[in-house]
There are 2 protein chains.
Amino acid sequence: MTRATIKDVSRVAGVSIKTVSRVLNKERYVSDEMRQKVEEAVARLNYHPSLAARTLAGKRSFQIGLIHDNPSPYYIFNMQAGVGQRCREANFRMIIQPCDVNSPGLIDDIGALIDQAQLDGIIMTPPVTDVGTALAELFRRKIPVVRVQPGTDLTATSAVYIDNVQAADDMTAYLISLGHRRIGLVTGHANYFASGQRLTGYRQALQRAGIGFDASLVFPGQFDFQSGSAAAEALLALDDPPTAIFASSDEMAAGVLAAAHRMGVSVPDQLSVAGFDDTDLAQVVWPSLTTVRQPIRDLGYAAADLLLEFGERIERRQLPHELIVRGSTAAPKN
Amino acid sequence: MTRATIKDVSRVAGVSIKTVSRVLNKERYVSDEMRQKVEEAVARLNYHPSLAARTLAGKRSFQIGLIHDNPSPYYIFNMQAGVGQRCREANFRMIIQPCDVNSPGLIDDIGALIDQAQLDGIIMTPPVTDVGTALAELFRRKIPVVRVQPGTDLTATSAVYIDNVQAADDMTAYLISLGHRRIGLVTGHANYFASGQRLTGYRQALQRAGIGFDASLVFPGQFDFQSGSAAAEALLALDDPPTAIFASSDEMAAGVLAAAHRMGVSVPDQLSVAGFDDTDLAQVVWPSLTTVRQPIRDLGYAAADLLLEFGERIERRQLPHELIVRGSTAAPKN
DNA sequence: TTCGAGTATGACAACGTTATCTCATCGACC
DNA sequence: GGTCGATGAGATAACGTTGTCATACTCGAA
């Protein structure tokens with residue numbers, strides 16, 4: 001038993017090959033009678049069109065690429081889930097391309113991917129979003145691109161994002177509302193523009209509350225557990241240590257928690273800890289993390305949606321974030 | 001500027017199309033002189049063959065599918081990383097197909113995937129590995145299959161796996177060696193054969209040490225945080241509670257930790273906790289988890305390797321696990 | 001009645017590769 | 001010196017779709 005082809009379908013339905021193709025592609029000018037005959041035949045033969053043949057003959061490949069260089073399993077998993085769901089709805093396929101922003105072969109890899117697979121579009125996640133040479137290569141090939149949370153050339157491509165400044169502002173304001181005055185900030189990796197945006201939001205909230213900015217309370221991190229731990233140790237060793245630490249990722253927040261545990265500082269009694277992302281992690285550490293929920297899955301879905309709905313046309317979509325309060329924050333005890 | 005085709009290459013190299021094809025596919029009977037001319041032309045034109053055309057004309061598609069129904073981001077991320085790496089080495093593409101083992105459309109989805117994309121092979125992860133109807137569909141299509149950690153029909157397809165029985169035995173024996181006599185076990189989801197295997201290993205180690213099996217110390221979990229928490233609460237409420245709890249996943253172990261924190265039971269002083277998998281999680285909770293490292297990424301790499309190297313031929317590969325001792329276990333204090 | 005615009009269908013080429021078949025050359029062997 | 005197998009190269013037909021063009025029918029307006 002070999003695969004059914006469009007020819008088989010046309011024979012069974014008693015129509016021409018082209019008519020079958022028309023029905024499959026939902027083209028205009030097909031009578032209901034024809035459509036029904038074809039659909040019956042398709043169902044009876046359990047026919048599935050060959051993607052390779054469609055790609056070769058047509059101008060579309062029904063495939064989009066997801067390019068990422070992001071070490072966070074949680075982020076990637078959810079991004080894929082969102083993109084994947086939208087793809088399934090449109091009967092598209094998703095090709096995953098991990099890459100390395102520091103690799104000299106980056107441009108060639110992306111070019112080869114597009115050439116070989118004839119992708120209909122590309123979704124990029126940070127930090128690849130902001131690699132100028134990669135972007136240039138994509139423009140050169142005139143392929144539709146949607147970027148998730150881009151930091152540069154904001155209007156150059158379609159994009160989906162959350163308002164990082166506002167999100168960091170919200171969290172900082174929340175900590176201030178609890179009564180905290182000295183709030184430590186662990187920033188993210190410098191490659192990510194979100195890191196800077198979150199710093200901006202933090203300063204913005206402080207200023208509004210009339211609290212002076214103290215640079216010694218800001219510690220550079222890398223989004224990972226280790227740097228969160230290191231940051232906490234440094235911040236808690238200050239002469240006048242913070243009563244709360246806001247880490248720019250849940251993973252760093254977990255590092256802060258671990259350091260606090262090690263140093264015998266109880267959370268949230270002696271120290272409030274806040275994260276960012278609301279990954280699975282946030283509910284798995286103890287105490288569970290107060291954090292900002294970033295709708296990663298929805299961002300992926302929206303990115304794929306922009307690609308499929310609008311193609312080359314540049315569109316932007318901002319998604320809402322949400323402050324999630326859990327057990328790691330409380331009013332300072334003095 | 002349009003894409004270069006094999007025709008362009010043949011013109012530039014001054015040879016026939018077929019000769020270019022021969023070089024590209026590393027076929028025999030090509031002189032060094034020809035090969036060199038072709039390679040130069042390929043490089044000069046930055047030519048990448050069209051996957052669609054190759055798939056249509058040839059018998060191979062240079063694509064393999066990864067089918068999974070697994071809610072763990074960490075597991076999926078690492079599995080993909082391993083499979084993806086092997087694919088890149090062979091210049092293959094990986095198509096991800098999340099699915100739902102309980103969906104009635106499962107078989108059709110898999111069939112459609114294979115028909116449409118003409119996949120060269122399939123990799124499955126638990127628990128889809130053991131869905132008989134899905135397996136039957138794959139056999140019907142005579143497509144090479146590699147299963148990761150299959151539980152049933154062990155010799156029906158190629159497979160990669162670790163020795164779950166031995167791994168659980170190792171961990172249990174380690175806890176016994178610390179001096180524990182009452183060791184709780186939180187099992188995994190019943191859908192996963194690994195759950196039963198780990199129970200077997202646990203009993204095996206107890207028996208060897210001459211410790212009677214106590215069914216009240218075994219609590220059924222679902223591999224997730226919640227069930228770990230619930231299990232710990234139940235186990236610690238026993239009249240004669242365990243001094244150590246071995247959870248069949250890190251996530252459940254994290255749940256155990258959280259429950260212990262809540263109940264004021266200090267780890268590892270009053271309770272030792274052990275996990276399984278060595279996910280990122282293990283080092284991010286406090287105290288960090290003693291666990292069994294499962295080389296997920298390597299399993300993915302090996303699975304892809306079997307597919308690409310052996311195709312339909314059935315091969316099996318067992319990978320080593322490793323006991324990782326961290327801060328969550330210690331000798332019981334009496 | 002005739003014409004044109006819109007609707008509905010089919011014949012056939014094209015897409016860019018690989019597979020198959022053919023042909024030519026070169027040594028080695030009887 | 002002819003025959004045969006191994007080697008090297010090309011011409012041409014697939015592969016299963018979509019795009020383009022041609023054709024025929026229908027309906028309302030000139």
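Naming: A, B, ... by sequence-line order, numbering from 1 per chain.
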*Asks:* Nearest whole Å is fine: how far is C:dT22 P from B:I17 CD1?
*Replies:*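 The answer, rounded to whole Å, is 20 Å.
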*Asks:* Is the distance from OP1 or OP2 of C:dC23 to the nearest side-chain N or O of B:Y29 less than 4.0 Å?
*Replies:*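 For C:dC23, OP1/OP2 do not have a side-chain N/O of B:Y29 under 4.0 Å.
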*Asks:* Using atom NZ of A:K7 as one end and atom P of D:dT17 as the other, report the distance to the nearest whole Å.
*Replies:*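 Distance check: A:K7 NZ to D:dT17 P gives 11 Å.
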*Asks:* Among D:dT17, C:dG16, C:dT9, which nucleotide sits nearest the side chain of A:I6?
*Replies:*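 Among the listed nucleotides, the one closest to the side chain of A:I6 is D:dT17.
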*Asks:* With a 4.0 Å cut-off on heavy atoms, is A:L24 in touch with a base, just the backbone sugar-phosphate, or nothing at all?
*Replies:*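 The residue A:L24 makes no contact with any strand.
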*Asks:* Check this for me: A:Q318, atom CD, are more than 12 non-hydrogen atoms of other residues, nucleotides or ligands nearer than 6.0 Å?
*Replies:*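 Enclosed.
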*Asks:* Please state how far atom CZ in A:R35 lies from atom P in C:dT9, giving the value in whole angstrom units.
*Replies:*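 My rounded result for the distance is 9 Å.
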*Asks:* Using atom CG of A:D32 as one end and atom C1' of C:dA8 as the other, report the distance to the nearest whole Å.
*Replies:*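 Spelled out: CG on A:D32 to C1' on C:dA8 is 12 Å.
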*Asks:* Judged by each residue's nearest nucleotide on DNA chain D, which is more toward the 5′ side, B:S16 or A:R22?
*Replies:*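 Closest to the 5' end, via its nearest nucleotide, is B:S16.
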*Asks:* Take the protein atom NZ of B:K18 and the nucleotide atom P of C:dC23, then report the distance between them rounded to whole Å.
*Replies:*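 Whole-Å distance recorded here is 18 Å.
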*Asks:* Check whether any side-chain N or O of A:S50 sits under 4.0 Å from OP1 or OP2 of D:dC15, and answer yes or no.
*Replies:*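 No, outside the criterion.
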*Asks:* Between atom CD in A:Q118 and atom C1' in C:dT17, what is the gap in whole Å?
*Replies:*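 So the two atoms are 11 Å apart, to the nearest Å.
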*Asks:* Just the rounded figure in Å: distance from C1' of C:dC15 to CG of B:D8.
*Replies:*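 Atom-to-atom, B:D8 to C:dC15, this comes out as 14 Å.
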*Asks:* Out of B:T129, B:I162, B:I296, which one pairs with B:Q149 under the side-chain contact (heavy atoms from CB on, under 4.5 Å) rule?
*Replies:*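 Filter result, single survivor: B:I162.
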*Asks:* Here's a test of your reading of the structure: between B:G58 and B:M34, which maps to the more 5' nucleotide of DNA chain D?
*Replies:*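 Of the two residues, B:M34 wins.
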*Asks:* Sequence neighbours excluded, which residues qualify as side chain to side chain donor-acceptor pair (under 3.5 Å) partners of B:T152?
*Replies:*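 Listed in chain order: B:D130.
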*Asks:* Measuring from the side chain of A:N25 (C-beta onward, heavy atoms only), which nucleotide among D:dG10, D:dT18, C:dG16 has the closest atom?
*Replies:*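 Taking heavy atoms from C-beta onward, the closest nucleotide is D:dT18.
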*Asks:* Could you tell me whether A:E315 and A:R317 have a side-chain N and a carboxylate O separated by less than 4.0 Å?
*Replies:*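 A salt bridge is absent here (no side-chain N lies under 4.0 Å from a carboxylate O).
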*Asks:* Is any side-chain heavy atom of A:L154 less than 4.5 Å from a side-chain heavy atom of A:R316?
*Replies:*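 Side-chain contact under 4.5 Å: yes.
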*Asks:* Ignoring the backbone of A:A57, work out which of D:dT18, C:dT7, C:dA19 is nearest its side chain.
*Replies:*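 Of all the options, the side chain of A:A57 is nearest to D:dT18.
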*Asks:* Given axes from five pairs at either end, by how many degrees does the helix from C:dT1-D:dA30 to C:dC30-D:dG1 bend, rounded to 10°?
*Replies:*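 Between the axes fitted at each end of the helix from C:dT1-D:dA30 to C:dC30-D:dG1 lies an angle of 50°.
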*Asks:* Tell me the interatomic distance from B:R54, atom CZ, to C:dT18, atom P, rounded to whole angstroms.
*Replies:*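 From B:R54 CZ to C:dT18 P: 5 Å.
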*Asks:* With the side chain of A:T5 defined as its heavy atoms from C-beta on, choose the nearest nucleotide among D:dG8, D:dG16, C:dT17.
*Replies:*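 For A:T5, the side-chain atoms sit closest to D:dG16.
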*Asks:* Just N and O in the side chain of B:S21: are any of them under 4.0 Å from OP1 or OP2 of C:dT18?
*Replies:*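 Yes.
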*Asks:* Under a 4.0 Å threshold between the charged nitrogen and the carboxylate oxygen, would A:E137 count as salt-bridged to A:R140?
*Replies:*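 Answer for the salt bridge query: yes.
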*Asks:* Regarding B:R147 and B:D153, does a basic nitrogen lie under 4.0 Å from an acidic carboxylate oxygen?
*Replies:*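 A salt bridge is absent here (no side-chain N lies under 4.0 Å from a carboxylate O).
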*Asks:* Can I get a per-line list of side-chain donor-acceptor pairs under 3.5 Å for residues 49-60 of chain A, giving both atom names and the distance, sequence neighbours left out?
*Replies:*
from, atom 1, to, atom 2, distance (Å)
A:S50, OG, A:A52, N, 3.3
A:S50, OG, A:A53, N, 3.1
A:S50, OG, B:Q118, OE1, 3.3
A:T55, OG1, A:L51, O, 2.7

*Asks:* Which part of the nucleic acid does B:F62 contact within heavy-atom distance under 4.0 Å: base, sugar-phosphate only, or nothing?
*Replies:*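 Counting heavy atoms under 4.0 Å across all strands, no contact is made by B:F62.
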*Asks:* So does A:T19 get a side-chain nitrogen or oxygen closer than 4.0 Å to the phosphate oxygens (OP1/OP2) of C:dG10?
*Replies:*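 Affirmative; the distance criterion is met.
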